[in-house]
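Structure record follows, encoded as structure tokens.
For reference, positions follow the sequence shown, starting with 1.
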Amino acid sequence: MTETDTSITVEREIPVAADQLFDVLSNPHRHVELDTSGFVRSIVHGDRIEQVGQKFTMNMTGDHMGGDYQTDNVVSAYDANKMVGWKTAPAGTEPPGWEWLWDLEPAGPDSTVASLTYDWSNVPEDFLEKVSFPLVSEDQLDQSLSKLATAATGA
């Protein structure tokens, strides 16, 4: 685990091939399976992630936003079977600076070191005054890695 004032990264080896993990991560319809914050409810629309710049929209809920809301997620990183990331924004707005980044490093034919970084280093001060970061804890991020392993194996 790595934590700074503006990001948290968790990592673990998962006994699943990188392409199987990437298959889950690149499908926005499966993201609700990975959520441990309780914020992600369902997908509004989104195709399988295949390139930087794609957008998918999620139904969310949270007291920090006054209840139910939607987010637009703009893909900010993409490298097939290795990395995928997106910047999140309240629907209809430009991303205000927080990003989710998943990295996958093969550790053998059927094992992968997976890391998840939650980075809010580019969130403007005025937004930080409204929403207190981090909204997701290190433990919740670590649990997302467990959920990824389960989602990829169907176990």
Side-chain angles (χ1 to χ4, degrees), residues 1-60 62 64 71-90 94-124 127-128 131-155:
M1 188 282 301
T2 305
E3 186 168 350
T4 69
D5 289 341
T6 58
S7 70
I8 302 170
T9 300
V10 294
E11 177 181 284
R12 76 164 55 171
E13 188 167 334
I14 299 174
V16 177
D19 62 336
Q20 291 176 268
L21 298 175
F22 193 81
D23 185 65
V24 174
L25 294 171
S26 63
N27 183 351
H29 292 268
R30 301 211 50 199
H31 288 186
V32 72
E33 295 174 62
L34 309 179
D35 177 53
T36 57
S37 67
F39 299 147
V40 181
R41 293 295 183 217
S42 62
I43 187 162
V44 176
H45 66 79
D47 296 327
R48 180 169 296 280
I49 297 169
E50 296 179 336
Q51 64 185 355
V52 169
Q54 279 183 259
K55 182 169 75 171
F56 58 95
T57 302
M58 304 296 289
N59 287 316
M60 310 286 285
H64 64 284
T71 60
D72 288 336
N73 303 276
V74 179
V75 177
S76 56
Y78 180 86
D79 190 352
N81 299 324
K82 295 180 183 177
M83 176 190 302
V84 65
W86 50 89
K87 293 182 178 180
T88 300
E94 289 298 312
W98 71 92
E99 182 176 29
W100 303 92
L101 182 64
W102 294 84
D103 281 299
L104 305 172
E105 183 68 37
D110 296 317
S111 191
T112 305
V113 175
S115 69
L116 170 57
T117 299
Y118 171 41
D119 182 337
W120 61 96
S121 61
N122 293 313
V123 174
F127 199 87
L128 286 173
V131 178
S132 179
F133 283 81
L135 291 170
V136 180
S137 71
E138 173 191 340
D139 185 54
Q140 289 170 315
L141 294 173
D142 193 55
Q143 290 173 32
S144 288
L145 291 174
S146 294
K147 287 189 168 229
L148 174 61
T150 300
T153 60

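Defined by atom type and a distance below 3.5 Å, a donor-acceptor pair is present between the side-chain atoms of Asn73 and Thr71.
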Taking it one step at a time, do Asp119 and Ser121 satisfy side chain to side chain donor-acceptor pair (under 3.5 Å)?
-> CA-CA 6 Å; Asp119 182 337; Ser121 61; 2.6 Å; yes

Check the pair Val136 / Trp98 against side-chain contact (heavy atoms from CB on, under 4.5 Å), numbers first and verdict last.
-> CA-CA 12 Å; Val136 180; Trp98 71 92; over 6 Å; no

For His31 and Trp100, run ring-ring contact (aromatic ring centres under 6.0 Å, His included): C-alpha distance rounded to whole Å, both residues' side-chain angles, the deciding distance at 0.1 Å, then the answer.
-> CA-CA 12 Å; His31 288 186; Trp100 303 92; over 10 Å; no

Derivation and outcome, side-chain contact (heavy atoms from CB on, under 4.5 Å), residues Val24 and Glu33 = CA-CA 9 Å; Val24 174; Glu33 295 174 62; 5.6 Å; no

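In terms of heavy-atom proximity, Met83 sits nearest to Ala77 at SD-CB, 3.7 Å. Pairing each heavy atom of Tyr118 with each of Pro134, the nearest pair is CE2-CB, 3.6 Å.
Contact check for Ile8 versus Trp120: side-chain heavy atoms found under the 4.5 Å cut-off. Inter-residue side-chain proximity for Asn27 and Phe56 is flagged as unmet; no heavy-atom pair is nearer than 4.5 Å.
If you take CG on Leu21 and CG on Leu104, they are separated by 5.5 Å, rounding to the nearest 0.5 Å. Taken from CG in Leu135 to CD in Gln140, the straight-line distance is 9.5 Å, to the nearest 0.5 Å. One finds the CG atom of Leu145 at 12.5 Å from the NZ atom of Lys147 (value rounded to the nearest 0.5 Å). Note: Ser144 OG to Asp35 CG = 6.5 Å, rounded to the nearest 0.5 Å. We find the CH2-OH distance between Trp86 and Tyr78 to be 12.5 Å, quoted to the nearest 0.5 Å. Note that the OG1 atom of Thr150 and the CD1 atom of Ile14 stand 9.0 Å from one another [nearest 0.5 Å].
For Arg12, the salt bridge (charged side-chain N to carboxylate O under 4.0 Å, His left out) partners at least two apart in sequence or on another chain are Asp142. Under the rule for a salt bridge (charged side-chain N to carboxylate O under 4.0 Å, His left out), Glu13 has no partner lying at least two apart in sequence or in another chain.
Side-chain N or O atoms of Thr112 include one that pairs as donor or acceptor with a backbone N or O of Ala18 at under 3.5 Å. Remark: the backbone N or O of Ala149 is paired with a side-chain donor or acceptor of Thr153 at under 3.5 angstrom.
Using a 30° and 60° split on the angle between ring planes, Phe133 and Phe127 fall in the tilted class, from 30° to 60°.
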Taking distance alone, no hydrogens or angles, what donor-acceptor pairs closer than 3.5 Å link side-chain atoms of residues 38-50 to residues at least two apart or in another chain?
unit_1, atom_1, unit_2, atom_2, d
Ser42, OG, Asn59, ND2, 2.9
His45, NE2, Thr57, OG1, 3.1
Arg48, NH1, Asp23, O, 2.8
Arg48, NH1, Asp23, OD1, 3.4
Arg48, NH1, Ser26, OG, 2.8
Arg48, NH2, Asp23, OD1, 3.4

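Within a 6.0 Å sphere centred on NZ of Lys82, heavy atoms belonging to other residues, nucleotides or ligands number 12 at most.
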